Amino acid sequence: MQETRLDTARIRAARRIIDPVFLDTPLYRCEALEPVLGCTVSVKLETANPVRSFKARGTEVVASLLADKGSRAAVCASAGNLGQALAWSGRGRGLDVTVVASRFATRAKLDRIRALDAGLELVDGDHEMARERAAAIARYDGIRLVEDSLDIETCEGAATIGLELVDGPPSFDTVLIALGGGALATGVGHVVKEVAPGVEVICVQPLGAPAMTHSWRRRRVVTTDATDTIADGVAGRRPIPAVLHDLLLVADDAVLVQEGSIIAGMRMLLDHAGLVVEPSAALGIAAILEDRDRFAGRHVVTIVCGSNVDLDAYHRWVGTAAGHRP
């Protein structure tokens, strides 16, 4: 079997670098979800931490390495969660962090980036335009460009979630992972396939942002001209070739789900698990809702990857879903 860019020894070493506040997150069976979903469901909760997403697992590794090398500044493009995480990790290590984001990004995420003392530059375009601007800043200022999913530290930090999932013989047979740039999917997928190869790794992406899924299916990079989804955290248009290579080695399947299913999944996590989540975190539940027969009788783990959501929008979404529960 071909090897990914990831290294399990480095992933284990990352656990010694990452602030413990981000580690050993809850993993528990959520029986209240099971009657309506028709399968055994466990959730891996990556929201009960200072940045309310899994992203700091990776930025802790990045910021630690930068500080060790004497670097004093870094820049990244972000839909919101990576920016918060890099700001948090950088602040604790004396790094000057600049985040470039779309002016149309979730306001709650932008406000939190500012609150964490990072510089914030907004562009009048989508995340891909923010990536281009962040790269230009890095070149002009001569500082480190942190590229989510391309930088191996972001993948290997996320991969520590996989270590926690397979710590001991896993009782589950399927893991559902939100798919955007690919750091979470390739990281967790690498560990699961190395330690528990019988577990099926299924990536889930919105139908309105399908670039990585189309790329996985066609085994080559496929770009799209636009995205149309409420799941802003996974709304990329241009997959990174090296990340796609890794994904092809660790993912058993990649599926697309509709916006209505994402909203229904958010509502179910609120009603049955007491969890307020952002749309990307409901992708796993959405996948089960759209294909109950596939998952019937199985034990599925879904990674609840973030809870940074605009509350006004959230109330509109779950209010709509309330009248259309599965």
Side-chain angles (χ1 to χ4, degrees), residues 1 4 6 8 11 25-47 54 155 158-180 182-207 210 212-213 216-217 231 233-234 246-258 261-262 264-266 268-269 272-273 275 277 279-306 326:
M1 178 178 173
T4 69
L6 288 79
T8 302
I11 294 166
T25 53
L27 171 64
Y28 59 94
R29 181 178 171 186
C30 189
E31 294 184 52
L33 285 168
E34 295 173 2
V36 68
L37 294 178
C39 60
T40 302
V41 181
S42 291
V43 297
K44 179 66 167 164
L45 190 61
E46 291 295 310
T47 62
F54 76 95
C155 302
T160 60
I161 297 170
L163 291 178
E164 294 166 18
L165 288 177
V166 297
D167 184 16
S171 60
F172 58 93
D173 52 57
T174 308
V175 59
L176 296 170
I177 311 173
L179 179 61
L184 182 62
T186 60
V188 173
H190 170 90
V191 172
V192 169
K193 283 304 175 186
E194 184 165 292
V195 180
V199 172
E200 187 175 21
V201 173
I202 302 176
C203 303
V204 190
Q205 197 164 41
L207 188 63
M212 186 62 97
T213 296
W216 182 87
R217 291 175 177 176
V234 294
D246 292 340
L247 191 69
L248 288 169
L249 297 177
V250 302
D252 294 300
D253 200 2
V255 300
L256 297 171
V257 295
Q258 300 178 57
S261 300
I262 299 171
M266 294 170 70
M268 288 188 66
L269 286 167
H272 301 294
L275 298 174
V277 304
S280 300
L283 288 170
I285 300 299
I288 301 172
L289 287 172
E290 290 199 1
D291 198 353
R292 285 183 176 85
D293 289 345
R294 175 177 186 172
F295 299 102
R298 301 173 76 169
H299 186 169
V300 179
V301 168
T302 183
I303 300 172
V304 178
C305 55

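Remember, it's a predicted structure, so these values are computed and weren't measured experimentally. Position 1 is the first residue of the sequence, and the numbers go up from there.
- Once rounded to the nearest 0.5 Å, the distance linking CG of Leu6 with CD of Glu194 reads 9.5 Å.
- Looking only at atom types and distance, the side chain of Lys44 has a donor-acceptor partner in the side chain of Thr25 under 3.5 Å away.
- Within the model, atoms CG of Leu256 and OG of Ser261 stand 11.5 Å from one another, a figure rounded to the nearest 0.5 Å.
- The two residues Thr47 and Val304 come nearest to each other via the heavy atoms CG2-O, 3.8 Å.
- Nearest approach of Thr186 to Val250, heavy atoms of both residues: CA-CG2, 4.1 Å.
- A heavy-atom distance below 4.5 Å is not found between the side chains of Glu34 and His272.
- Shortest non-hydrogen contact noted between Val36 and Met268 is CG1-CE, 2.8 Å.
- Side-chain contact annotation: His299 with Ser42, donor-acceptor N/O pair under 3.5 Å present.
- No more than 12 heavy atoms of other residues, nucleotides or ligands sit less than 6.0 Å from atom CD of Gln258.
- Here the side chains of Thr302 and Ile285 are in contact, with some heavy-atom distance below 4.5 Å.
- With a 4.5 Å cut-off on side-chain heavy atoms, Leu184 and Ile161 count as touching.
- Listed by first and then second residue, the salt bridge (charged side-chain N to carboxylate O under 4.0 Å, His left out) pairs involving residues 279-288 amount to none (not counting sequence neighbours).
- Shown here are the side-chain contact (heavy atoms from CB on, under 4.5 Å) partners of Asp253, two or more places apart in sequence or in another chain: Ile202, Trp216, Val255, Arg294.
- Partner of Phe295 under the side-chain contact (heavy atoms from CB on, under 4.5 Å) criterion, out of Ile288, Val41, Leu289: Ile288 alone.
- Closest approach of Ala178 to Ser280, counting heavy atoms only: CB-O, 3.6 Å.
- With sequence neighbours left out, the salt bridge (Lys or Arg N to Asp or Glu O under 4.0 Å) criterion links Asp252 to Lys193.
- Looking at Leu37 and Val300, their side chains never come closer than 4.5 Å, going by heavy atoms from C-beta outward.
- You'll find the side chain of Gln205 stays beyond 4.5 Å of the side chain of Leu283, heavy atoms only.
- In terms of heavy atoms, Val234 sits closest to Gly180 at CB-CA, 3.7 Å.
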